[in-house]
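Working notes, beginning with the structure itself.
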Amino acid sequence: MRLKNKVAIVTGSARGIGEAMVRDFVNEGASVIISDILEKEGQALASELQNEGHNVYFFKTDVSSEQNVKELVAFTVEKFGKINILCNNAAINIPGSVTELTEDIWDRTMDVNVKSQFLVSKHVIPIMQQSGGGSIINTASANSFVAEPRLSAYVSSKGAILMLTRAMALDYAKDNIRVNCICPGWVDTTFNDAHADLFGGREAILKDIDSIQPIGRPIEPIEIAKVATFLASDDSSALTGSPIIADGGITAGV
Ligand SMILES: NC(=O)c1ccc[n+]([C@@H]2O[C@H](COP(=O)([O-])OP(=O)(O)OC[C@H]3O[C@@H](n4cnc5c(N)ncnc54)[C@H](O)[C@@H]3O)[C@@H](O)[C@H]2O)c1
């Protein structure tokens with residue numbers, strides 16, 4: 001129960017890595033707000049965990065909208081009275097090179113992946129300051145360090161998250177707010193499907209995965225959630241501004 005009495009918001013948590021974070025956090029004793037644009041899936045996850053006796057609620061949020069973000073933070077404070085942990089995890093992944101992408105896709109990628117982390121942090125940090133500190137965990141990527149073909153908006157957004165993490169770590173260290181990011185490799189969710197389709201499809205890539213990811217298998221969402229739990233807990237008390245690279249070795253040989 002490393003997160004007993006802690007309150008967490010996890011964005012983009014109706015499925016995938018965010019869902020795994022929610023499950024691990026409640027198992028460690030946290031109260032959690034599940035936040036996503038996917039209402040049916042988010043509500044179903046909340047109901048399942050509530051039936052198991054966990055302290056969770058779903059709140060529908062588009063994290064690229066400041067108004068929605070303010071409502072999410074107000075809802076969390078109304079339900080739980082404080083916020084100790086924020087996982088900025090929501091993102092989209094629309095493939096394309098610069099000449100393939102439209103301005104709209106570029107803007108939407110930056111809004112959902114980067115501006116959202118600025119907005120949610122902006123409105124959560126004052127609550128953390130009032131309660132003596134907190135832990136912010138941004139989901140970045142191996143693509144914060146290495147690019148991939150035909151993925152220019154996404155890799156740019158993940159590069160920006162690494163520097164946003166470091167900037168926030170410097171600004172709020174004095175408030176006992178730690179800010180770190182997780183940089184996953186290829187995780188087994190549907191997130192990469194559209195990009196994989198440009199290179200022969202998911203099955204073709206998985207067949208050859210050891211040429212991309214040295215551990216020779218996709219990473220499971222729970223393996224990333226375990227890193228988030230470590231960063232959320234006091235076990236990581238010396239870490240701030242740190243990228244934790246959980247990429248199955250992708251960047252080791254670069
Ligand atoms: N899957 C991978 O291989 C991989 C690798 C590196 C990093 N990541 C990162 O992990 C995080 C989670 O990815 P995932 O693989 O679980 O993908 P996913 O698509 O399963 O989860 C992303 C979630 O974000 C939500 N979302 C999208 N736009 C939103 C918005 N505007 N407001 C609120 N929620 C929104 C989606 O509905 C979805 O539930 C992302 O930040 C992604 O960049 C994933």
Side-chain angles (χ1 to χ4, degrees), residues 9-24 33-46 58-73 86-95 105 107-120 136-148 151 153-162 164-165 181-196 202 205-206 209 212-213 215 217-225 227-228 243-251:
I9 294 176
V10 184
T11 72
S13 53
R15 68 179 186 202
I17 293 170
E19 175 187 347
M21 288 176 180
V22 171
R23 290 182 183 279
D24 207 50
I33 300 293
I34 299 160
S35 148
D36 207 293
I37 42 171
L38 297 177
E39 191 160 16
K40 199 166 113 256
E41 293 86 342
Q43 197 54 65
L45 177 61
F58 170 69
F59 192 83
K60 187 179 178 189
T61 323
D62 176 346
V63 285
S64 66
S65 151
E66 184 162 28
Q67 185 52 36
N68 273 207
V69 166
K70 283 181 181 171
E71 290 161 8
L72 165 68
V73 173
L86 166 62
C87 294
N88 282 314
N89 174 72
I92 54 173
N93 179 9
I94 303 172
I105 293 174
D107 287 346
R108 187 77 193 134
T109 301
M110 291 300 163
D111 283 357
V112 175
N113 297 11
V114 189
K115 189 177 82 173
S116 68
Q117 300 204 357
F118 154 69
L119 287 176
V120 188
I136 298 177
I137 300 148
N138 297 330
T139 307
S141 172
N143 293 133
S144 303
F145 298 93
V146 291
E148 283 181 71
L151 203 59
Y154 178 76
V155 303
S156 301
S157 74
K158 291 292 163 175
I161 288 168
L162 173 61
L164 176 63
T165 301
C181 63
I182 308 177
C183 304
W186 179 290
V187 183
D188 205 9
T189 68
T190 55
F191 192 72
N192 300 312
D193 286 0
H195 188 233
R202 184 169 184 274
I205 292 197
L206 283 177
I209 191 148
I212 307 165
Q213 190 151 281
I215 59 171
R217 62 170 179 83
I219 297 163
E220 295 300 325
I222 186 64
E223 296 180 271
I224 303 302
V227 180
I244 304 287
I245 302 176
D247 71 348
I250 289 178
T251 55

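All values reported here derive from a predicted model rather than from experimental measurement. As a basis for the values below, the full set of heavy atoms in this structure was taken, side chains included, without hydrogen atoms, waters or symmetry mates. Whatever order the structure lists ligands and atoms in, that order sets their numbers, starting from 1.
Under the side-chain contact (heavy atoms from CB on, under 4.5 Å) test applied with N138, the options L162, V120, N88, V114 reduce to a single match, N88. If you run side-chain contact (heavy atoms from CB on, under 4.5 Å) between N93 and each of T189, L151, D193, only L151 comes through.
Under the side chain to side chain contact (heavy atoms under 4.5 Å, CB included) criterion, A46 pairs with I34, Q43, Q50, V56, F58, sequence neighbours left out.
Ionic pairing of R108 and D62 is present here: one or more N-O contacts between side-chain nitrogen and carboxylate oxygen are shorter than 4.0 angstrom.
Protein residues having a heavy atom under 4.0 Å from any atom of ligand 1 are G12, R15, G16, I17, D36, I37, L38, T61, D62, V63, N89, A90, A91, I92, R108, V112, T139, A140, S141, Y154, K158, P184, G185, W186, V187, T189, F191, N192, listed by chain and number.
Judged by distance alone, with hydrogens and angles left aside, the side-chain atoms of S13 form a donor-acceptor pair with the main-chain N or O of S35 at under 3.5 Å. Between the E41 side chain and the L45 main chain, no donor and acceptor come within less than 3.5 Å of each other.
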